[in-house]
Protein chains: 2
Amino acid sequence: MPIDGLATQLRKGVIEYCVLAMLKEAPLYGGEVIEILRSKGQILISEGTIYPLLSRMRSEGFVETEWRDTPAGAPRRYYRLSRSGQKAVAEFRDEWFRFRNSVDEIFRDGGGQR
Amino acid sequence: MPIDGLATQLRKGVIEYCVLAMLKEAPLYGGEVIEILRSKGQILISEGTIYPLLSRMRSEGFVETEWRDTPAGAPRRYYRLSRSGQKAVAEFRDEWFRFRNSVDEIFRDGGGQR
DNA sequence: CAAGGAACCTTGCATTGCAAGGCTAATCCG
DNA sequence: CGGATTAGCCTTGCAATGCAAGGTTCCTTG
């Protein structure tokens, strides 16, 4: 059984930009990203999702990384938003609001046919 | 180049339920579905998307179909919402609003870290 | 009959979320 | 000391689904 049935497909293509938006506030490491998203309720993700995603964003140049030691336990790789990442979030943000308004409209009245 | 870059991934898993919601008003055929979605601006789809999708919904029992002749040209297959389709839309609708609120929140203030 | 158009469908591909499992380093406990 | 535990990171293989491109069928028009 998937992590959450219906919403799985909803997450596609949104998580990446959610993570970038979260990095606007402060650098985060993988476990922290998962934790914050879980606390949002509808965006549950697993490690198998987040680490490949973070790697992808790094190779696309949207984030820069840095290892930091911890007082106890394994070191953490922190992700920080790059300039091109900031630009990507801004563009996606506009796209998101347009898109979600269209969908809202359809669920409100069936699309106002014709 | 895809039909619309950034939004392509957003569409995943949403289009199916948008179409079901549209069928609540009246039965539609494939070309009509595409036309209505295009008129919404942010939900551009192509035939290669809609026909496999309609077939899938039929085999899942969410829609029932019926051929109708046209005054001129090829006959059209009309899709009508089934009872289980109605139920599916209602469930997804709730899921959608929860999900979009979470995403909105993240883009509003970066996720209200911590 | 040939040409054209509308509607439908299929094939192959790319993206991306996920489950499962593995690796490493530090700590805890006997 | 040495095994078990924990936290953090990553990889592999799979499944869902949107898309482009191309093909088929049926009807009309010239």
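Numbered from 1 within each chain, the chains take letters A, B, ... in sequence-line order.
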message: Whole angstroms only, please: what is the CD-C1' distance between Gln9(A) and dC14(D)?
response: 13 Å
- prompt: Could you go step by step and tell me if Arg108(A) and Glu105(A) meet the salt bridge (charged side-chain N to carboxylate O under 4.0 Å, His left out) rule?
  reply: CA-CA 5 Å; Arg108(A) 200 179 315 119; Glu105(A) 195 179 337; 5.8 Å; no
field: Rounded distance (Å) that lies between atom P of dC18(C) and atom CD of Glu16(A)
entry: 14 Å
message: Would you say Arg56(B) places a side-chain N or O within less than 4.0 Å of OP1 or OP2 belonging to dA16(D)?
response: no
query: Is there a donor and acceptor pair closer than 3.5 Å between the side chain of Lys12(B) and the base of dT15(C)?
result: yes
- prompt: Is Arg93(A) close enough and on-axis enough to Phe107(B), meaning under 6.0 Å and within 45°, for cation-pi?
  reply: no
- request: In sequence, state the C-alpha distance, the side-chain angles, and the governing distance for Arg38(A) and Glu35(A), and then conclude on salt bridge (charged side-chain N to carboxylate O under 4.0 Å, His left out).
  value: CA-CA 5 Å; Arg38(A) 281 191 196 282; Glu35(A) 196 188 334; over 6 Å; no
- request: Nearest whole angstrom, please: distance from the P of dT16(C) to the CG of Leu10(B).
  value: 11 Å
- prompt: Glu60(A) has an atom CD; how far is it from atom C1' of dT16(C), in whole Å?
  reply: 11 Å
Residues that Glu91(B) engages under side chain to side chain contact (heavy atoms under 4.5 Å, CB included), provided they are two or more places apart: Leu6(A), Lys87(B)
- request: May I ask you to evaluate whether Ser46(A) reaches the phosphate of dA19(C), defined as a side-chain N or O under 4.0 Å from OP1 or OP2?
  value: yes
message: Could you tell me how far apart Ile50(A) (CD1) and dT16(C) (C1') are, to the nearest whole angstrom?
response: 12 Å
query: Rounded to the nearest Å, what distance is computed from the CG atom of residue Asp69(A) to the P atom of nucleotide dT27(C)?
result: 11 Å
- prompt: What's the CG-C1' distance between Leu6(A) and dC18(C), to the nearest Å?
  reply: 16 Å
Below 3.5 Å is the cut-off: list the nitrogen or oxygen pairs between protein and nucleotides 6-10 of chain C, distance only.
| unit_1 | atom_1 | unit_2 | atom_2 | d |
| --- | --- | --- | --- | --- |
| dA7(C) | OP1 | Tyr29(B) | OH | 3.3 |
| dA7(C) | OP1 | Arg76(B) | NE | 3.2 |
| dA7(C) | OP1 | Arg76(B) | NH2 | 2.6 |
| dC8(C) | OP1 | Arg77(B) | N | 2.8 |
| dC8(C) | OP1 | Arg77(B) | O | 3.4 |
| dC8(C) | OP2 | Gly30(B) | N | 3.3 |
| dC8(C) | OP2 | Gly31(B) | N | 3.3 |
| dC8(C) | OP2 | Tyr51(B) | OH | 2.6 |
| dC8(C) | N4 | Glu47(B) | OE1 | 2.9 |
| dC9(C) | OP1 | Arg77(B) | NE | 2.9 |
| dC9(C) | OP1 | Arg77(B) | NH2 | 2.3 |
| dC9(C) | OP2 | Tyr79(B) | OH | 3.4 |
| dC9(C) | N4 | Glu47(B) | OE1 | 3.4 |

- prompt: Quick one: ring-ring contact (aromatic ring centres under 6.0 Å, His included) partners of Phe62(A), sequence neighbours excluded?
  reply: none
field: Side-chain donor or acceptor of Thr65(A) paired with backbone N/O of Arg77(A) under 3.5 Å
entry: no
